[in-house]
Amino acid sequence: MTGLRYKLPRKSILKRKQLIDALFQSGRSIAAYPLRLVYLPMSYPEDSRFLVTFSVPKKKIKKAVHRNRIKRLMRESFRLQQYDLNLPQKTLLMWIFTGNDVPNYEIIYQKMNLIINEINKKYH
RNA sequence: CGAGUGAGCCAUCUUGUCGCUCCGGUUUUUGCCGGUGAGGAAAGUCCGGACACCACAGAGCAGUAUAGCGGAUAACGUCCGCCCACCGUGAGGUGAGGACUAGUGGCACAGAAACCAGGUACAGUUCGGCUGUAGUGAAAAGGCUAAACUCUAUACGGUGCAAUGCCAAGUAAACCCGCGUUAUCAGGCUUGCUCGGCCGAGCGGGAGGGUAGGCAGCUAAAGAUAAUUGGUAACAAUUAUCUCAGAUAAAUGACAAGACACGACAGAAUCCGGCUUACAGGCUCACUCGAUUU
RNA sequence: GACCCGGUAGCUCAGUAGGUAGAGCAUCUCCCUUUUAAGGAGAGGGUCCUGAGUUCGAGCCUCAGCCGGGUCA
């Protein structure tokens, strides 16, 4: 795995509303509190193995500072683990935070690792 | 030294590795190099502007806001100075601080009686329901109440960057019902109403279809810092230096090491000036009271 | 982001010149009935979202905050 650059540029971020709607309509999900991953294999023009986005509901986390903090932790955690995820084809990913409090980085990292392993089992 | 008052400022820092936004350069292949990157409240959206658009905004009414006097300002409900009232030993603090001698209304309970009056008990009387006292109450004939209507003075066109302009893509110039078509005529604008003015060949409703991209607006400005001058002050003028976020499912994070005061409230979304609310702790200056020493 | 509404009993809502907080449903008790439902009689239940201010006195007027909802591309 040497030589891999752990980057997460803008082109790998899911932005288009049409794709997000499709993801919610027919995507599957895996949960590991306080995280939930919604995913859907799909083809799209962007040159990236996946399109990913992170979401923290305002109903659960009231303060904008805390929502930003959680999204940053999730983004950082996914950035470092993106090559552990073995996907046979292009896939849409949405990470949703379902907890009620601000967690620390280690919990996010471990739970994300759990979900990623779960996905890999399904494809092998 | 202790207690306190007022004004202003700061908001963990340093280094390394990996990563993100925007800008510039390099390179021609999505890399590399350099720079850049949240707040004093970015918040609440409570005021005031700038800016943009609306068949240029006219008159009257209504409505809303403000309320000692003077000044500052682009403007303000903000700020500064002075006067007055109240609070504090004091430094100081607080104040919607015009008018119930224009009119209308309200004053529960208690009380004989509560706002065109009327008249309880007792006493005194010049016998005139005249005077005093008692009693209820916030208030008893003289008042209180305008954060009651109202009056006076002043100000105010409406909508807001999801405004607005342009580009690209796509769809349905179709269907049903009603009204109207060269007119003292449907309907619309003038943003609550009336008058007046203007637009006008289509308009209103039902059911249904399509779009959810990009660029401009978008950050160099009532700008920041310093000095000097004018002014009691708010503030203004001049000179010098500097360029300081512009994202768009939305950029500031992770890890490691070190330091100490062991880190509060909290995240820009068109931009400024205020107000209000949240907030660990620290610093500076001026002043007051008390005690002690000399 | 900008601009608007609302908060009163367990639920749905009334509440105007500021003066003792009400209705319907629900709950509980009793009556009626073989029993239940319906009907009748009665009872309990309130920080009027929170905190200040004006007033002799605020659900109501003023200011600040909290929570919930809506409109606009």
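The structure displayed is predicted, hence computed values, not measured ones. To find a chain, count down the sequence lines: A is the first, B the second, and so on, and within it residues start at 1. Worth knowing before you read on, the calculation uses all heavy atoms, side chains too, and leaves out hydrogens, waters and symmetry mates.
With a 3.5 Å ceiling on both atom-pair distances, B:U248 lacks any Watson-Crick or G-U wobble partner. Using the Watson-Crick or G-U wobble rule with both distances under 3.5 Å, B:C242 pairs with B:G223. Here B:G202 sits opposite B:C179 as a Watson-Crick or G-U wobble pair (both hydrogen-bonding atom distances under 3.5 Å). Pairing partner, B:A216: B:U164, with both Watson-Crick or wobble hydrogen-bond distances short of 3.5 Å. Nucleotide B:A269 forms no Watson-Crick or G-U wobble pair with any nucleotide shown, as no partner meets the under 3.5 Å limit on both distances.
Taking the side chain as every heavy atom from C-beta outward, A:Leu73 and A:Tyr109 never approach each other to under 4.5 Å. A heavy-atom distance below 4.5 Å is found between the side chains of A:Leu37 and A:Leu93. Side-chain contact between A:Ser55 and A:Trp95 is absent, with no heavy-atom pair separated by less than 4.5 Å. Looking at A:Thr91 and A:Leu40, their side chains never come closer than 4.5 Å, going by heavy atoms from C-beta outward. You'll find the side chain of A:Leu35 reaches within 4.5 Å of the side chain of A:Phe97, heavy atoms only. At least one side-chain heavy atom of A:Met112 sits under 4.5 Å from a side-chain heavy atom of A:Gln81. Taking 4.5 Å as the limit, every side-chain heavy atom of A:Tyr39 sits out of range of all side-chain heavy atoms of A:Leu87. Side chains of A:Arg49 and A:Tyr83 form a contact here, defined as non-hydrogen atoms less than 4.5 Å apart.
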Task: Residue pair A:Phe24, A:Met94: steps toward the side-chain contact (heavy atoms from CB on, under 4.5 Å) verdict - done: CA-CA 9 Å; A:Phe24 274 117; A:Met94 175 173 264; 3.3 Å; yes

Open item on the list: Checking A:Arg36 against A:Ser29 for the side chain to side chain donor-acceptor pair (under 3.5 Å) test, could you report, in this order, the C-alpha distance in whole Å, the side-chain angles of both residues, the deciding distance, and whether it holds?
Closed with: CA-CA 7 Å; A:Arg36 170 184 291 274; A:Ser29 80; 3.0 Å; yes

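A:Arg75 has a side-chain polar atom (N or O) that falls below the 4.0 Å cut-off from OP1 or OP2 of B:A251. Between A:Lys62 and C:G68 there is a side-chain polar atom (N or O) within less than 4.0 angstrom of OP1 or OP2.
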Anything under 3.5 Å between a protein N or O and an N or O of nucleotides 16-18 of chain B, put it in a table, one pair a line.
residue: B:C18; atom: O2'; partner: A:Arg79; partner atom: NH1; Å: 3.0
residue: B:C18; atom: O2; partner: A:Arg79; partner atom: NH2; Å: 3.2

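Contact check of residues 98-111 of chain A against RNA chain B (heavy atom, cut-off under 4.0 Å) returns A:Tyr105.
With the nearest nucleotide of RNA chain B identified for both A:Arg10 and A:Val65, A:Arg10 has the one nearer the 5' end. Remark on RNA chain B: of its neighbouring residues A:Leu14 and A:Lys63, the 5'-side contact belongs to A:Leu14, judged by nearest-heavy-atom nucleotide.
For B:A236, the O4'-C1' to base torsion is more than 90° from 0; the nucleotide is therefore anti. Base orientation of B:A59: anti (glycosidic angle beyond 90° from 0).
For A:Asn68, taking side-chain heavy atoms from C-beta onward, the closest of the listed nucleotides B:C20, B:A38, B:A254 is B:A38. Relative to the side chain of A:Ile20, the nucleotides B:A254, B:A249, B:G267 differ in distance, and B:A249 lies closest.
For the C1' atom pair drawn from B:A245 and B:A251, the interatomic distance equals 10 Å after rounding to whole Å.
For A:Arg72 against B:G19, a side-chain-to-base donor-acceptor contact under 3.5 Å is absent.
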